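Below is one structure, written out as structure tokens, with a few remarks after it.
Numbers restart at 1 for each chain; the letters A, B, ... are given by sequence-line order, proteins then strands. Just so you know, these numbers come straight off a predicted model, no measurement behind them.
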There are 2 protein chains.
Amino acid sequence: MLVANAVSRLPSRIPAAANDQARPGLSSLFSRQPVETFGRGETICRDGDPALHVFEVAAGIVRVAKVFSDGSRVIPGFFQPGEFFGTSPGERYLGDAEAIGEVKLRRLSRNGFRQAVDRCERLRPEFADWLCREMVSAQARTVLLACKNAEERVCDLLLALAPQVGGADGPARAIELSMSRVNMADYLGLTIETASRTMTNLIGCGAIRSAGWRS
Amino acid sequence: MLVANAVSRLPSRIPAAANDQARPGLSSLFSRQPVETFGRGETICRDGDPALHVFEVAAGIVRVAKVFSDGSRVIPGFFQPGEFFGTSPGERYLGDAEAIGEVKLRRLSRNGFRQAVDRCERLRPEFADWLCREMVSAQARTVLLACKNAEERVCDLLLALAPQVGGADGPARAIELSMSRVNMADYLGLTIETASRTMTNLIGCGAIRSAGWRS
DNA sequence: CGTATACTTGATCGTTATCAAGGCCTGTGG
DNA sequence: CCACAGGCCTTGATAACGATCAAGTATACG
């Protein structure tokens, strides 16, 4: 019921879902680039730095974070394999990008990326679609933060991280929970304690099962 | 101090600030269009409808809202004069757009707008900038909802609605508060009671003055 | 084996939501 | 002109949810 509730009010986080299928074009821009590997916790780019590169995630999860003078931290989003970051049209990065666990990336110069997209009739709408997905995702976060409780938030995240099954969504899905509680909490606008408690409750009521930090 | 605090953690809501100066290009696309007037509370377009038009706000404030089956409502954003909506690259509108008070708009067909932007070297980066501002704005909301208290939220909104003074920001700025408490609350992720109380407190401690629903 | 890091759990407090009532303004009809 | 209804806003009392403070327990790492 918990999960059902979360689903019913979850208009989106479609982004990840829609990704795998239809974006060979943009992705192909990166295919010639060498794969770079970043270790757990390494910073890929910094908030406010000139946005020189655009990245495609090949493996692992990238966390975007904004840190404030008072130490509080917000995670506007995560990027999963097949997604891009550094793409948002602006001169500077909109947050710190950091590797959660090991991450493999391909990069393109920003100018090269923009010119390629700018020139190609086929890529332009595709890039627009990507931006649109980012907008929808941002809006979903707004909804999540504006009017969902801790349980709904955690469910949302778990569903977003769940491998996107095409049609049949059997009840038994295993989620590689490759992020720490701190990341969960920052992303969901909760404290680690609350995130932890909520996870415990979800396990307690049978909504999820733990298998060594997995569900 | 309240206000100062709010300002220090407010990385953005720059959008409105940056608007008035540098966007004659996109705006000029609309200049030939007739002005349409919508009355207080009228719906301009609906969530999920095919996005047939792009709008420029000429006067008044437009509210974008998402309503859920359980009646709860979220306001992802407001659009002020000089801003555009319906532009986000996607087939459908991302929310209900409604007039707060009287609103004057110009509209362009979506296809016309996209083609014009697509064709023109000068408009493309300008449109990208606009999308970027929307992203920054969305991110600012995320921060606001994730880790600000009621007082900071209300201050943020007031500052966002404050007429953007170029250089000198004298302490005495009058804000046309053309929206109801309900709108404030939905935008800020608060209840109307809390919004009202917070306004009362701000008046009480001298941060703002009331002049018949103005500050 | 010991330290560090991350996670869990408990107790308490504070902020905000919720429920409830009352005040103010506007417009309408007698 | 007054009475009344309906919004919208304010204020109060109470309660719930999550933050905070504080141990305590796993797990990883050198």
Side-chain angles (χ1 to χ4, degrees), chain A residues 2 5-6 39-42 63 68 70-74 98 100-102 144-158 175 177-205 208-215, chain B residues 2 5-6 39-41 63 68 70-74 98 100-102 144-158 177-205 208-215:
Chain A
L2 302 166
N5 185 16
R40 165 199 181 76
E42 267 189 273
R63 172 186 82 188
F68 295 92
D70 66 356
S72 66
R73 205 175 55 174
V74 180
E98 289 158 31
I100 297 186
E102 186 173 274
L144 180 140
L145 293 170
C147 56
K148 293 192 179 182
N149 63 24
E151 199 171 82
E152 292 170 314
R153 295 184 194 197
V154 171
C155 288
D156 269 23
L157 177 60
L158 291 179
I175 301 173
L177 192 53
S178 46
M179 75 183 62
S180 69
R181 294 284 184 272
V182 186
N183 287 324
M184 282 186 54
D186 284 345
Y187 179 75
L188 298 173
L190 301 170
T191 57
I192 50 174
E193 292 96 332
T194 303
S196 177
R197 273 184 247 273
T198 308
M199 291 290 284
T200 306
N201 288 343
L202 288 176
I203 292 171
C205 74
I208 60 176
R209 263 198 329 277
S210 170
W213 305 12
R214 277 176 185 76
S215 96
Chain B
L2 301 166
N5 185 16
R40 165 199 181 76
R63 172 186 80 189
F68 295 92
D70 66 355
S72 67
R73 204 176 55 173
V74 180
E98 290 158 31
I100 295 186
E102 186 172 273
L144 181 142
L145 293 170
C147 56
K148 292 192 180 182
N149 63 23
E151 198 171 82
E152 291 171 314
R153 295 185 193 196
V154 171
C155 288
D156 269 23
L157 177 59
L158 291 178
L177 193 53
S178 46
M179 74 184 63
S180 70
R181 292 285 184 273
V182 186
N183 287 324
M184 282 186 53
D186 283 346
Y187 179 74
L188 299 174
L190 302 170
T191 58
I192 50 174
E193 292 95 331
T194 302
S196 177
R197 273 184 246 273
T198 307
M199 290 291 283
T200 307
N201 288 342
L202 288 175
I203 292 170
C205 75
I208 61 175
R209 265 198 327 277
S210 170
W213 306 11
R214 278 176 186 79
S215 94

Please list, chain by chain and in numerical order, all residues satisfying salt bridge (charged side-chain N to carboxylate O under 4.0 Å, His left out) with A:Glu102, sequence neighbours excluded.
A:Lys104

Donor-acceptor pair, side chain of A:Thr200 and main chain of A:Ser196, under 3.5 angstrom
yes

Can any side-chain N or O of B:Arg181 pair as donor or acceptor with the backbone N or O of B:Glu193 at less than 3.5 Å?
no

Qualifying residues under side chain to side chain contact (heavy atoms under 4.5 Å, CB included), relative to A:Thr194, sequence neighbours excluded:
A:Ala150, A:Leu190, A:Thr191, A:Thr198

Within this structure, what is the CZ-to-C1' distance between A:Arg181 and D:dT25, rounded to whole angstrom?
14 Å

Rounded to 10 degrees, the angle between the two terminal axes of the helix from C:dC1-D:dG30 to C:dG30-D:dC1, each from five pairs:
30°

Gap between atoms CG and P, on B:Asn201 and C:dG14 respectively (whole Å):
17 Å

With heavy-atom distances below 4.5 Å as the criterion, would you say the side chains of A:Val74 and A:Phe68 are in contact?
yes

For the residue pair A:Arg153 and A:Leu145, establish whether any side-chain heavy-atom pair is separated by less than 4.5 Å.
yes

To the nearest angstrom, the CG-C1' distance between B:Leu188 and C:dT15 comes to 16 Å

Quick one: side chain to side chain contact (heavy atoms under 4.5 Å, CB included) partners of B:Ile100, sequence neighbours excluded?
B:Ile61, B:Arg63, B:Phe78, B:Met179, B:Asn183

Smallest separation among heavy atoms of B:Leu202 and B:Leu158, with atom names:
CD1-CD1, 4.2 Å

Just to confirm, is there a sub-4.0 Å distance from OP1 or OP2 of D:dG7 to any side-chain nitrogen or oxygen of B:Ser180?
no

Counting primed atoms, P, OP1 and OP2 as sugar-phosphate and everything else as base, the B/S/- map of nucleotides 17-22 of chain D against protein heavy atoms under 4.0 Å is -SSBB-

In whole angstrom, what separates A:Arg40's CZ from D:dT27's C1'?
11 Å

Rounded to the nearest Å, what distance is computed from the CD1 atom of residue B:Ile100 to the C1' atom of nucleotide D:dC8?
15 Å

Please report, rounded to the nearest Å, how far the P atom of C:dA6 is from the CD1 atom of A:Ile192.
9 Å

What is the distance, rounded to the nearest whole Å, between atom CG of A:Leu145 and atom C1' of C:dA17?
17 Å

Among residues at least two apart in sequence or on other chains, which ones pass salt bridge (charged side-chain N to carboxylate O under 4.0 Å, His left out) with A:Arg73?
A:Asp186

